[in-house]
Structures are given as C-alpha cells and as structure tokens.
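Below is one structure; the comments refer to it alone.
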Amino acid sequence: MSEVHHSDEFYIRQKKIAELREKGVEPYGDKYEVTHQAGEIVGNFAELEDKIVSVSGRIVSKRGHGKAAFAHLQDMSGRIQLYIRQDRVGEEEYSLYKTLDVGDIIGATGEVFKTKTGEITINISSFNLLSKSLRPLPEKWHGLKDVELRYRQRYVDLIVNPAVREVFITRSKVIQHIREYLNRKGFLEVETPVMHSVAGGASARPFITHHNALDIDLYLRIATELHLKRLVVGGIEKVFELGRIFRNEGISTNHNPEFTTVEIYQTNADYEDMMKLTEELVASVAEEILGTLKISYGGKELDLSLPWPRRDLLDIVREYTGVDFESIPDDDGARRVALQKGLELEGNESRGQIIFTFFEKFCEDRLWGPLFVKKYPVEVSPLARRCSDDPRYTCRFETFLAGKEIADAFSELIDPFDQRARFEAQVKMRAAGDEEAHMMDEDFLTALEYGMPPTGGLGIGIDRLIMILTDSPSIRDVILFPTMRPRV
RNA sequence: GGGCCAUUAGCUCAGGCGGCAGAGCACCUGACUUUUAAUCAGGGUGUCCCAGGUUCGAGUCCUGGAUGGCUCACCA
C-alpha cells in the first residue's frame, strides 16, 4: 500500500473488502482453530479418510465449475486440495467463496476424501476468510524469477517458490545441528558484544556507528574472536558463539556485508584438534541433514568422507607456481620472485605476505577440496601461535570445500609479548595505509597478561557452508534478506 | 570501483531495417456439480527503468543516469 501506482486488481480487491464488510464479513480475521497441517493430511490419508479436519493457509490456485469448485491451499507443510460445492455449504457461503482470490488466507473445515483422479482433498463444510490479499501473486507456471524482486520481496519468493523455503529450512537445521553437536561436546554457547570500541579478530574494514549518550563511535564487530578468547582467559574452557558479523567490503556471490560465523575455542587443544573438529562437525551435519557424505556442488562431486587431506601451504605454492620459498629466505628475494611473476608491489612487502599472495593469486581458485591448507606465514596471521619447528610460520589452517574457504583456525597465540609485537606490526601497516590491518587492543593484551591456557580456535563461515550443503550458487540464496541498495 | 549484460502488462517473456504496443498466465464478464497448467465464449488492464538528443516519427539509434545480475579487484 506504500506504492503510488496500483494495479487495477488492487482496486478490485479493495472494493471486495468494502463489500465483505457491508455483509458483516471481517476480511482480517482472528485465529482459526486448526487440527492438521496440509502435509500431515496428505501423508496420513489411510487414518484420516472421512475424518473431519481443519486447516488454514493461503489459496494458491482456484478452479471453478459452476456450482462446485476446487482450490489448493498452502501452509508451511505443503499443499492440499479443497473441494467445495454449493449444495453442501449453501448459496450464501458459496457466493462468498467465489469472491475469494488466489493469495487470500483462509481457514477451512471438512472431510478428507480422494477425488476420482486420486488426489487427497478436503470436502469443505465451512470456511473463514482470515486475511484478504490485495496484490496478485506471480504467475503459476514460472513463479517469481526476477532475482532482484526475489531478494527485495522475499515474502513473495517464499510463497511461490517452494524450493526457497526448503533452503531456509535446511539452513535452520544445519545451525541447529551445529549447536547441538557443540552442546553435546560440552561447549558453552555465549553472546558477546556486537558493538566494539576496537574492531579486531580479522583483517577487514568495519562499519562505524555512534553512541549518543557516551558520544563515542563504535564499530560493528568484524569477528567474535577476541571476546571469546577473553572468556577462555576467564576459565570458560570450551566456548562457542554463533553470531552475525559485519564487514564493510564489496558484495559478490560469496560475500554479504553481514554474515554468520560460528567461532569455537577449546583449551588444551591445538590446530590439529581443530582440524578433526572441523571435518567431524561438517561431516556429521552432511550425514544428518543430507543423509550422505557424497554431495555435489554446481554439478561437481564433493566427497566429504573422513579424513580430509592436509597439506602445507608452501607445498601447494610450490606445486602450482614452481616457486620453492624454502630456498628464498629473505624479503628481497621474495619480492624479486614476485616481480618475475608479474605481481605489483609497493616495495615493503615481507616474504610472508608474498607467499600468502602467491597462494591467493595462483593457487586458491584451483583447490576444490575438501582440503586443509596449513602453516600460514606469521605476517598474515597476527593471532596465531608460531610453529615450534619454524617461527616464520603459524599453526594455522584454512579449510576449502567446493573451492570456497569455509573455515579459518589456529593454535591460539597466548604469549602476550609476542601478541603485542604482532599488534604493533599491524598498527604500523595500518599507519602505512592498510585499512584492513588490525588495531591495537590493549584490553585484550591485558587479558593475555593474566595468562591464557593453550587453546585451539576455529571459525566457520556458516553461510558458505550452507551454500555448499544446499548447492546454492550465490550467498544471497542462503540469506533471507541480503543487503541491497534501497529503492528510491 | 572496472568490464559485460539486463530492464516492455501484476508475473514469465516476444517485439528484423525507426512506422498504430504483443503473447501466455493472472484479472474482468458469462457458461459449467470430481477439476488439477480445468475447459468454453468474450474483454488488453502499459510512465516500454529515468533524463536528454537525433529524426517527420524512437520500445528500437546516440549520450548521460538509476537499479540489478555475472565477472574482476578486496575479503570469509
């Protein structure tokens, strides 16, 4: 009703509302006592045949035959056919039925039977209009295809495209399963602040907001990491948070400005333990919800059978680029190789940054997975513990599924001296113009100075995981209301 | 932010070369008591995304803009 421009149909239905009210029929009714869901009746015909049932839902199709008529009613469980005849309900009720439009929400009561053609149907003895629909629904053959309208008006998408509802039901089940899995293993679910005075825990640009009473700018969180690690310091030895985070970055089929992660921390664990947790968690989700470990994404097979391969990042770089960074020990040498490979440099890049760039530019899009890539350079991993055998690398891994990075994890850095040095290096990069470099977080350092136990930490991108599990090509297909430019 | 593409009825779409704006579904009028993409007879309901320009004449050609999709860049 906010639009200035209405279809004729809108006015026709408005007029119907006035006529209904004249006859004493309220077009926006109170709740209707329901005994069954549509899907329940269709699935239990043997028990329910000839029984009286009450259902409610939206009329999604109508077929009139003079003094009798058919319609389909849709509720959350599915659709069921309704049959109504004038000699059953009377002329007045039948003429009221005839004024109903596709899209109206009604409650209906009658006996369950099967038509000549074998469809399970309710023979209506009475019905109530519960909510009059003013706007016509999209067409029944093709549904709603316009992706812009599907995202902007997800409610219409959900009404007419049943597969969309299935995706979001699966999403809910996946999250539910993750929560139960972690609860079963003794992890405590917590909620930490969304508004941060220091945005940390990831390399990303934050959104900025303002608190009026305190008169301070606050950042929307870009990760839950640093607060969860404070809780580990506080003695919460197994903890997780399923939460929305916000990154002020571009939008693509793999990126939405707000998205959901689960971050998991466990003391007396290391990144090897986190690999096991990752693969077991994802495999159990697939097994439980899809019933198989052999799934396909975009027409390509993805076998989630355990264990998943583990490979050193440096080995992968060597395989795909032919460059062995083991034999290039210093920054200068690394920069020379980078220039040879056609990379544009600013001149102050470190060896570790260049190795990581090689991985991202020349390797990442060729990985299909499942695969754990481990041992990331310390320069690009400011919160991860150094490998004991080589301090230039960290006990960090990323998990690739169907070519997408879906998890990032490490043995946590618990040494407050090293952590301070890492932050200082980041702050320097920030001062040099890197807007995604980490900020100094003194309170987090204070927490580490109280002593943090050895801990394994893991973050999983829930939206991407659900894309893979539902074979969805765009992250917007698994987010109910993806970020869109507002309409003028 | 760059590149490519799209935008025509409520929805899904067609509209060679510049010449009266089209189809199916939906909707409206009527017929029809087990249909199911119901059927039959009749009816076109429009800011052709917006603003300029070229032209006797623009949905169509040109310029600029808006929104969206894909893609590259950045990130997860």
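We name chains A, B, ... by the order of the sequence lines, and we start the count at 1 in each one.
Going from the C1' atom of B:C49 to that of B:A41 covers 38 Å, rounded to whole Å. B:C56 sits 23 Å from B:G16 when the C1' atoms are compared, rounded to a whole Å. Remark: the separation of the C1' atoms in B:U60 and B:C48 is 10 Å, to the nearest Å. Spacing between B:G15 and B:A31 at atom C1', rounded to whole Å, works out to 35 Å. The separation of B:C28 from B:G65, taken at their P atoms, amounts to 44 Å, rounded to a whole angstrom. A gap of 13 Å separates the P atoms of B:G2 and B:G64, to the nearest Å. If you take atom C1' in B:U7 and the same atom in B:A76, they sit 32 Å apart, rounded to whole Å. Distance noted for atom C1' between B:U54 and B:G22: 27 Å (whole Å).
Between A:Tyr83 and A:Phe70, the gap from one ring centroid to the other is short of 6.0 Å.
Of all nucleotides listed (B:U12, B:C27, B:U34), B:U12 comes nearest to the side chain of A:Leu144. Ranking B:U33, B:G69, B:C74 by closeness to the A:Lys67 side chain, first place goes to B:U33. The side chain of A:Thr253 sits closest to B:U71 out of B:U33, B:U71, B:A76. Ranking B:U35, B:U67, B:A76 by closeness to the A:Glu148 side chain, first place goes to B:U67. With B:U35, B:A26, B:G68 as the choices, the nucleotide that has an atom nearest any side-chain atom of A:Arg485 turns out to be B:G68. Checking B:U12, B:G69, B:A76 against every side-chain atom of A:Glu139, the shortest atom distance belongs to B:U12. Which of B:U12, B:U34, B:C11 sits closest to the side chain of A:Thr115 comes down to B:U34.
At the heavy-atom level, A:Ile406 lies nowhere under 4.0 Å from the strands shown. At the heavy-atom level, A:Asn256 lies under 4.0 Å from base atoms of the strands shown. At a threshold of 4.0 angstrom between heavy atoms, the contacts of A:Glu360 are confined to the sugar-phosphate backbone, with no base atom among them. A:Lys116 comes within contact range of at least one nucleobase, with a heavy-atom separation under 4.0 Å. Residue contacts shown for A:Arg152 are limited to sugar-phosphate atoms, with no base heavy atom under 4.0 Å away. Residue contacts shown for A:Gly143 are limited to sugar-phosphate atoms, with no base heavy atom under 4.0 Å away. Backbone-only engagement by A:Lys16 is indicated by non-hydrogen atom pairs under 4.0 Å involving sugar-phosphate atoms exclusively. Counting non-hydrogen atoms under 4.0 angstrom, A:Asp146 reaches the backbone sugars and phosphates but no base. Nucleic acid contact class of A:Asp463 (heavy atoms, under 4.0 Å, all strands): none. If you check every strand for non-hydrogen atoms under 4.0 Å, A:Glu405 touches sugar and phosphate atoms only. Among the heavy atoms of the strands lying under 4.0 Å from A:Arg464 is at least one base atom, whether or not backbone atoms are also near. Nucleic acid contact for A:Ser61: none, since no nucleic acid atom lies under 4.0 Å from a heavy atom of the residue. Across all strands, A:Ser203 comes closer than 4.0 Å only to sugar-phosphate atoms, never to a base (heavy-atom distances).
Contact between the side-chain N/O atoms of A:Lys361 and the OP1/OP2 oxygens of B:C74 is found at a separation under 4.0 Å.
For B:G42, the paired base is B:C28 (Watson-Crick or G-U wobble, both distances below 3.5 Å). When Watson-Crick and G-U wobble pairs are counted only if both distances are under 3.5 Å, B:C48 pairs with no nucleotide at all. In this structure, B:G1 and B:C72 make a Watson-Crick or G-U wobble pair, each of the two defining distances being under 3.5 angstrom. With a cut-off of 3.5 Å on both Watson-Crick or G-U wobble distances, the partner of B:U67 is given as B:A6. The base-pairing partner of B:G22, taking Watson-Crick or G-U wobble contacts with both distances under 3.5 Å, is B:C13. Using Watson-Crick or G-U wobble geometry with both donor-acceptor distances under 3.5 Å, B:A37 finds no partner in any strand shown.
Nucleotide B:A76 holds its C1' atom 14 Å from the CZ atom of A:Phe207, rounded to whole Å. One interatomic measurement links the two molecules: CD of A:Glu398 to C1' of B:A76, which rounds to 8 Å at whole-angstrom precision. Following rounding to the nearest Å, A:Lys145 (NZ) and B:A14 (C1') show an atom-to-atom distance of 15 Å. A:Ile120 places its CD1 atom 15 Å from the C1' atom of B:U34, with the value rounded to the nearest Å. The CZ-C1' distance, from A:Phe10 to B:G46, rounds to 19 Å in whole Å. Between A:Arg205 atom CZ and B:G1 atom C1' the separation is 11 Å, expressed in whole Å. Summarising the geometry, the separation between CD on A:Gln86 and C1' on B:U34 is reported as 16 Å, rounded to the nearest angstrom. Here B:A76 presents its P atom at 8 Å from CZ of A:Arg396, a figure rounded to the nearest Å.
A:Ile122 has its side chain within reach of A:Ile80: a pair of non-hydrogen atoms, C-beta onward, lies under 4.5 Å apart. At a threshold of 4.5 Å between non-hydrogen side-chain atoms, the residues A:Leu343 and A:Phe358 count as touching. Using a 4.5 Å heavy-atom cutoff, the side chains of A:Glu258 and A:Leu220 are not in contact. With contacts defined as side-chain heavy-atom distances shorter than 4.5 Å, the pair A:Met467/A:Ile475 qualifies.
Note that A:Lys15 lies outside the cation-pi zone of A:Phe10, set by a 6.0 Å cut-off to the ring centre and a 45° limit from the axis. In this structure, A:Arg154 fails the cation-pi test against A:Phe481, since its NZ or CZ atom is not both closer than 6.0 Å to the six-membered ring centre and inside 45 degrees of the ring normal.
Counting distance only, with no hydrogens placed and no angle test, the side-chain atoms of A:Gln81 and the base atoms of B:U35 include a donor-acceptor pair under 3.5 Å.
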Inset, instruction - Walk me through it: do A:Phe397 and A:Phe372 pass the test ring pair (Phe, Tyr, Trp, His ring centres under 6.0 Å)? - result: CA-CA 6 Å; A:Phe397 71 84; A:Phe372 291 116; 5.1 Å; yes

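Projected onto RNA chain B by closest heavy-atom contact, A:Arg476 and A:Phe113 fall at different nucleotides, the more 5' of which corresponds to A:Phe113. Residue A:Val102 is the one, among A:Lys140 and A:Val102, whose nearest nucleotide of RNA chain B lies closer to the 5' end (criterion: closest heavy atom).
Using cut-offs of 30° and 60° for the angle between ring planes, the A:Phe400 and A:Phe359 rings count as perpendicular.
Taking the 5.5 Å centre cut-off and the 30° plane limit, the aromatic side chain of A:Phe259 is classed as stacked on B:A76.
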